[in-house]
Amino acid sequence: MRRIALLLISTLCASLAQATPLFSAGDPVIGKAMVEKQCISCHADRFGGDGSGIYTREHRLVKTSAGLLTQVRNCNTNLGLKWFDDEELHVTRYLNDHYYKFQK
């Protein structure tokens, strides 16, 4: 009986983890300020306008919430931004809230 209960709890936790984006703890207000300070100029150079074309293009690379967090982490690493994990979550949360709209 105990084994079944543990299995049910484990399954429930896994379901909740899948239903909630990895970055839901991020603060979108802080994320917006970080994007404006450190991302816009590069994106605008590459995609024109305000740079948001990178997020809204038809064949964008990011397709899932996990992929969005991975992409933010890749940019952080490749550009040497030295953001902490919580800062990555802020940026990811902002991008999701305004462009990607992955389920919460």
Side-chain angles (χ1 to χ4, degrees):
M1 185 66 151
R2 180 177 164 94
R3 189 175 206 172
I4 293 172
L6 288 174
L7 180 60
L8 288 173
I9 291 170
S10 174
T11 303
L12 177 61
C13 288
S15 295
L16 289 174
Q18 290 176 351
T20 304
L22 305 169
F23 48 85
S24 61
D27 182 330
V29 173
I30 295 170
K32 179 180 181 186
M34 292 175 69
V35 167
E36 288 174 349
K37 181 179 179 185
Q38 298 181 296
C39 305
I40 297 291
S41 62
C42 179
H43 292 177
D45 286 347
R46 293 183 62 206
F47 291 90
D50 66 359
S52 64
I54 195 169
Y55 314 120
T56 59
R57 61 190 170 170
E58 183 179 348
H59 299 291
R60 66 184 183 197
L61 301 176
V62 174
K63 307 269 190 230
T64 64
S65 58
L68 178 56
L69 181 56
T70 297
Q71 186 59 45
V72 168
R73 288 186 169 153
N74 287 341
C75 288
N76 181 24
T77 300
N78 293 335
L79 299 173
L81 299 173
K82 299 181 180 176
W83 290 343
F84 293 105
D85 289 346
D86 62 326
E87 293 172 310
E88 292 175 342
L89 295 177
H90 299 324
V91 169
T92 306
R93 173 73 183 270
Y94 166 72
L95 294 176
N96 186 65
D97 286 359
H98 292 284
Y99 298 105
Y100 293 94
K101 312 284 188 202
F102 296 121
Q103 292 297 318
K104 293 188 180 201

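Positions are given from 1 along the sequence. As the structure is a prediction and not an experimental result, all values here were calculated from the model.
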Nearest 0.5 Å, please: how far is CG in L69 from OG in S65? 8.5 Å
Which heavy atom in A44 sits nearest to a heavy atom in G49, and how many Å separate them? CB-O, 3.4 Å
Beyond-backbone contact of C42 with R46, side-chain heavy atoms, under 4.5 angstrom: yes
Could you tell me whether K82 atom NZ has more than 12 heavy atoms of other residues or ligands within 6.0 Å of it? no
Heavy atoms from other residues, nucleotides or ligands near CZ of R57 exceed 12 (cutoff 6.0 Å): yes
Please report the interatomic distance CZ(R73) to OG1(T92), rounded to the nearest 0.5 Å. 7.5 Å
Quick one: does R93's side chain have a donor or acceptor within less than 3.5 Å of a partner on S24's backbone? yes
Rounded to the nearest 0.5 angstrom, the CG-CG distance for N96 and L89 is 12.0 Å
Using the six-membered ring wherever Trp is involved, compare the ring planes of F102 and Y100 and label them parallel, tilted or perpendicular (cut-offs 30° and 60°). parallel
Looking at K63, I'd like to know if its NZ atom is crowded, meaning that more than 12 non-hydrogen atoms belonging to other residues, nucleotides or ligands lie closer than 6.0 Å. yes
Quick one: pull up CD in E87 and CG in D27 and give me the separation to the nearest 0.5 Å. 12.0 Å
Could you grab the distance from atom CD of E88 to atom OG1 of T77, nearest 0.5 Å is fine? 6.5 Å
Taking all non-hydrogen atoms of both residues into account, name the closest pair between S52 and Y99 and its distance. CB-OH, 3.5 Å
Treating Ile, Leu, Val, Met, Phe, Trp and Tyr as nodes and any side-chain heavy-atom pair under 4.5 angstrom as an edge, say whether V29 and I40 lie in one connected cluster. no
Would you give the length of the straight line joining atom CG of L81 to atom CE of M34, rounded to the nearest 0.5 angstrom? 8.0 Å
Quick one: closest heavy-atom pair of R60 and Y55, and the distance? NH1-O, 2.9 Å
